2 protein chains.
Amino acid sequence: MSLSIKDIARLSGVSTATVSRTLSAPEKVTRQTREQVMQVVEEHGYRVNSMARNLRRQRADSVLALVPDLGNPFFSAIFAGIQDRLSQAGVDLLVADNRSLHPSGRSVLSQLRDARADGLICLDGGFSDEARRELAASGMENRVVFACEWPMAGGFPSVRSDNREGMRLAIDYLAGLGHRCIAYCAGPAGNVLNIERRAGAQEALAAHGLTLPDSRVFEGDFSLQAGEKAAQVFVEMAERPTAVICASDQLAMGLIHGLSKHGIHAPRDVSVMGFDDIITSAYFLPALTTIRQNRLGLGVEAATVLLDLIDGKSVPRDHVVTLPVSLQIRASTAVPR
Amino acid sequence: MSLSIKDIARLSGVSTATVSRTLSAPEKVTRQTREQVMQVVEEHGYRVNSMARNLRRQRADSVLALVPDLGNPFFSAIFAGIQDRLSQAGVDLLVADNRSLHPSGRSVLSQLRDARADGLICLDGGFSDEARRELAASGMENRVVFACEWPMAGGFPSVRSDNREGMRLAIDYLAGLGHRCIAYCAGPAGNVLNIERRAGAQEALAAHGLTLPDSRVFEGDFSLQAGEKAAQVFVEMAERPTAVICASDQLAMGLIHGLSKHGIHAPRDVSVMGFDDIITSAYFLPALTTIRQNRLGLGVEAATVLLDLIDGKSVPRDHVVTLPVSLQIRASTAVPR
DNA sequence: TTGAAAGCGCTACCAC
DNA sequence: GTGGTAGCGCTTTCAA
């Protein structure tokens with residue numbers, strides 16, 4: 001066991017109150033006392049016990065990030081952003097997978113009720129009613145912010161990319177290249193990002209006098225596998241699109257990979273675009289033309305909003321921070337044959 | 001503020017001691033009392049305050065995972081494994097980036113001293129002497145386990161892939177294909193994985209009567225960029241190797257990408273192998289022949305060892321768990337021209 | 001500016 | 001089997 005504040009008080013000949021002040025509000029203590037105490041503190045490498053401090057202050061000094069799947073590398077950059085911002089504030093980052101349960105069978109969300117975290121950054125828009133209830137019960141409804149995804153029903157601050165604008169950039173670019181028959185390779189049906197992106201694509205297409213019939217939508221999810229499956233659908237189409245805009249980079253990679261097995265090559269035979277700009281996209285063959293999302297920024301902004309919330313600053317219930325996206329033109333797109 | 005144990009005690013007509021027992025050692029209480037208490041607990045949705053419990057028990061019920069770079073998607077799968085195992089034990093996962101500092105300027109490692117975490121899973125073998133000292137000061141030296149990487153100097157339990165065997169599999173396969181002039185695309189010079197893999201390759205090469213002269217080693221790090229740089233070196237070689245084994249999949253992708261810019265294609269002109277089997281490898285073009293590491297397993301095993309350590313079970317100081325790797329033959333390798 | 005002391009919410013010891 | 005209670009290590013009034 002290491003030293004406690006009592007030991008430091010005794011060793012430096014002051015009260016525990018003074019030690020506490022020296023450490024957390026040095027200006028409330030004379031310079032002499034401060035130096036005297038600090039010397040003992042340093043000499044013994046004393047550290048405040050955060051469990052005790054937190055109990056007393058009713059604060060956990062940590063924040064929980066909830067993801068649909070911790071194993072999905074897509075989230076790494078967002079985590080990096082979150083942690084970057086939090087560490088500046090001396091707040092810890094707890095991560096959990098939404099699917100995992102506490103041994104007691106309770107959802108991870110109940111950690112909030114356990115007073116283990118001061119707030120929640122949720123990266124999973126598929127927020128069940130039960131989760132919402134759990135949140136309400138924890139008295140934490142106003143210490144939640146969504147990042148990247150968000151719940152369709154709203155009700156929480158959220159930080160997101162400008163998904164519609166991203167699709168507009170993509171479609172404008174493709175249309176500018178001369179494509180008139182453009183397909184959409186979709187993410188999970190109920191997913192808010194997919195819905196938003198699809199709507200964005202449709203809108204932008206309409207602006208060019210183009211349409212997106214259901215027959216030109218490949219249903220799936222955001223995965224590489226789904227992209228590969230879409231390739232199967234593609235080759236069986238009577239009238240093949242000259243370009244496909246995908247709801248994610250992984251879809252685009254899977255699709256290009258799948259198509260190549262049928263001798264169909266991007267961009268020679270079909271232009272393929274992704275969305276996200278994940279790390280490997282620029283090195284894919286062909287390098288992926290895509291819409292860049294600032295995932296690090298998403299994390300930083302979400303953490304910033306949450307920190308404000310925790311500090312009691314007022315943030316409108318439906319506050320939305322929208323981060324810009326950008327078009328990355330690379331090698332997977334070209335003028336139609 | 002939510003209800004405390006006192007409220008529950010009052011509401012159910014028993015003492016706080018009994019409520020506590022009911023919740024954490026139900027068998028020590030009569031069935032009747034238990035039911036009586038549980039009803040009140042459920043009715044009010046009472047949850048034990050973990051800050052108070054932890055202070056009292058001198059346990060944080062959480063574990064810290066330290067990575068060299070949170071933004072590196074390579075770690076996601078390991079995190080998933082760690083969290084999976086931890087959640088079974090009701091232990092939380094705290095993540096931190098080794099580069100980030102607490103606002104006070106202290107390293108994140110000092111969190112251990114703060115009593116915020118019961119143990120540490122370190123994914124960064126580049127463990128400084130200072131870090132080691134910090135650890136010693138925290139009285140936590142025996143609650144640390146390394147995963148994936150490990151410190152060269154040893155001294156801690158570690159969970160790792162069978163890196164040498166991986167390289168043996170790779171070289172045997174390449175040699176079997178008929179390659180005699182094989183290059184090694186290296187990771188960071190001081191990195192233990194790189195050292196191990198390079199040594200493994202050299203050993204295996206020797207077994208085939210082959211050598212790995214320094215001129216056939218492309219120095220770099222594990223990144224895509226480094227792979228692309230290696231391509232530059234490759235094209236300038238007088239005698240070009242017919243195969244390159246890379247220290248990571250990202251290196252292999254970067255290399256293949258870079259080479260393709262010079263009209264050199266894998267596997268037609270050169271066979272390229274990776275190491276890791278990251279998620280996009282199977283979908284790369286050409287699909288990457290690689291050595292598969294069980295990253296999820298690495299996480300699970302590391303968490304298991306750490307949980308044992310925390311439980312006070314004795315684990316030898318230099319205990320090593322080695323996980324098997326496997327050869328994934330795909331499309332980036334072929335017989336030499 | 002400093003100290004005494006209450007108390008954050010819980011667990012575990014001891015007594016019954 | 002149950003209750004009373006000390007005390008985990010800290011912060012923060014209140015009084016001096």
Side-chain angles (χ1 to χ4, degrees), chain A residues 1-38 40-41 44-62 90 111-118 138-139, chain B residues 1-38 40-41 44-61 90 110-118 138-139:
Chain A
M1 208 60 258
S2 49
L3 294 181
S4 84
I5 197 171
K6 268 190 188 159
D7 302 309
I8 304 303
R10 190 169 31 75
L11 257 27
S12 50
V14 300
S15 71
T16 61
T18 299
V19 175
S20 176
R21 283 187 206 107
T22 307
L23 262 18
S24 49
E27 73 283 1
K28 290 189 177 172
V29 138
T30 56
R31 201 164 75 95
Q32 198 204 324
T33 316
R34 187 164 57 229
E35 283 168 0
Q36 188 178 325
V37 172
M38 286 312 288
V40 177
V41 165
H44 295 83
Y46 168 74
R47 289 292 140 89
V48 176
N49 179 311
S50 60
M51 293 189 295
R53 156 181 282 176
N54 288 344
L55 172 60
R56 178 61 227 235
R57 296 220 224 161
Q58 302 291 53
R59 233 196 178 257
D61 268 350
S62 68
Q111 297 192 315
L112 293 175
R113 261 208 259 189
D114 288 357
R116 284 178 161 284
D118 298 319
S138 71
Chain B
M1 208 60 256
S2 52
L3 294 182
S4 82
I5 197 172
K6 268 191 188 162
D7 302 310
I8 303 303
R10 190 169 30 76
L11 258 25
S12 49
V14 299
S15 71
T16 60
T18 299
V19 175
S20 177
R21 281 185 211 110
T22 308
L23 261 18
S24 49
E27 73 283 1
K28 291 189 176 173
V29 137
T30 56
R31 201 163 73 94
Q32 199 203 326
T33 317
R34 187 163 57 232
E35 284 168 0
Q36 189 177 325
V37 172
M38 285 314 288
V40 177
V41 165
H44 294 84
Y46 168 74
R47 291 290 142 90
V48 176
N49 179 310
S50 59
M51 293 190 294
R53 155 179 282 175
N54 288 343
L55 172 59
R56 178 61 227 232
R57 298 221 278 204
Q58 301 289 54
R59 230 194 180 260
D61 268 350
S110 64
Q111 296 192 317
L112 293 174
R113 262 210 257 189
D114 289 357
R116 285 176 161 283
D118 298 320
S138 71

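Order of the sequence lines sets the chain letters (A, B, ...), proteins ahead of strands, with each chain counted from 1. Bear in mind the structure is a predicted one, so any value in this text is a computation, not a measurement.
- In this entry the distance linking CZ of Arg59(A) with C1' of dT11(D) reads 14 Å, nearest Å.
- Among the nucleotides dG9(C), dA5(C), dC8(D), the one closest to the side chain of Gln58(B) is dC8(D).
- Residue Ser15(A) places no side-chain N or O under 4.0 Å from the OP1 or OP2 atom of dA4(C).
- Between dG9(C), dA6(C), dT5(D), one nucleotide has an atom nearer to the side chain of Arg56(A) than all others, and that is dA6(C).
- The residues Arg53(B) and Asp61(B) are annotated as not salt-bridged, no charged nitrogen and carboxylate oxygen being separated by less than 4.0 angstrom.
- Rounded to whole angstrom, the span from the CZ atom of Arg10(A) across to the P atom of dC10(D) amounts to 13 Å.
- In this structure, Ser20(A) reaches the bases: a heavy-atom distance under 4.0 Å links it to at least one base atom across the strands shown.
- Side-chain atoms of Asp118(B) come within 3.5 Å of backbone N or O of Ala60(B) as a donor-acceptor pair.
- If you check dG3(C), dT11(C), dT11(D) against the side chain of Ile5(B), the one that comes closest is dT11(C).
- At a cut-off of 3.5 angstrom, counting only N and O atoms as typed in the model, there is no donor on one side facing an acceptor on the other between the side-chain of Arg31(B) and the base of dG1(D).
- Remark: C1' of dC8(D) and CG of Asn49(B) are 13 Å apart, rounded to the nearest angstrom.
- Looking at Ser20(A), its side chain never comes within 3.5 Å of a backbone N or O of Thr16(A) through a donor-acceptor pair.
- Rounded to an integer number of Å, the gap from CZ of Arg47(A) to C1' of dC10(D) is 17 Å.
- Arg57(B) has no side-chain polar atom (N or O) that falls below the 4.0 Å cut-off from OP1 or OP2 of dT11(C).
- With contacts defined as side-chain heavy-atom distances shorter than 4.5 Å, the pair Ile8(A)/Val41(A) qualifies.
- Here Thr18(A) reaches the OP1 or OP2 of dG3(C): one of its side-chain N or O atoms lies under 4.0 Å away.
- Summarising the geometry, the separation between NZ on Lys6(A) and P on dG3(C) is reported as 16 Å, rounded to the nearest angstrom.
- The two residues Val29(A) and Arg21(A) make their nearest non-hydrogen contact at CG2-CB, 4.0 Å.
- Within the structure, every side-chain polar atom (N or O) of Tyr46(B) is placed at least 4.0 Å from both OP1 and OP2 of dG9(C).
- Looking at Arg21(A), its side chain comes within 3.5 Å of the base of dG3(C) through a donor and an acceptor atom.
- The interatomic distance linking Leu55(B) (CG) with dT11(C) (P) rounds to 11 Å, in whole Å.
- Thr33(A) comes within 4.0 angstrom of the backbone, heavy atoms only, and of no base.
- Computed from coordinates, the Leu23(B) CG to dC10(C) P distance equals 9 Å when rounded to whole Å.
- Straight-line distance from the CD atom of Gln36(A) to the P atom of dT2(C): 9 Å, rounded to whole Å.
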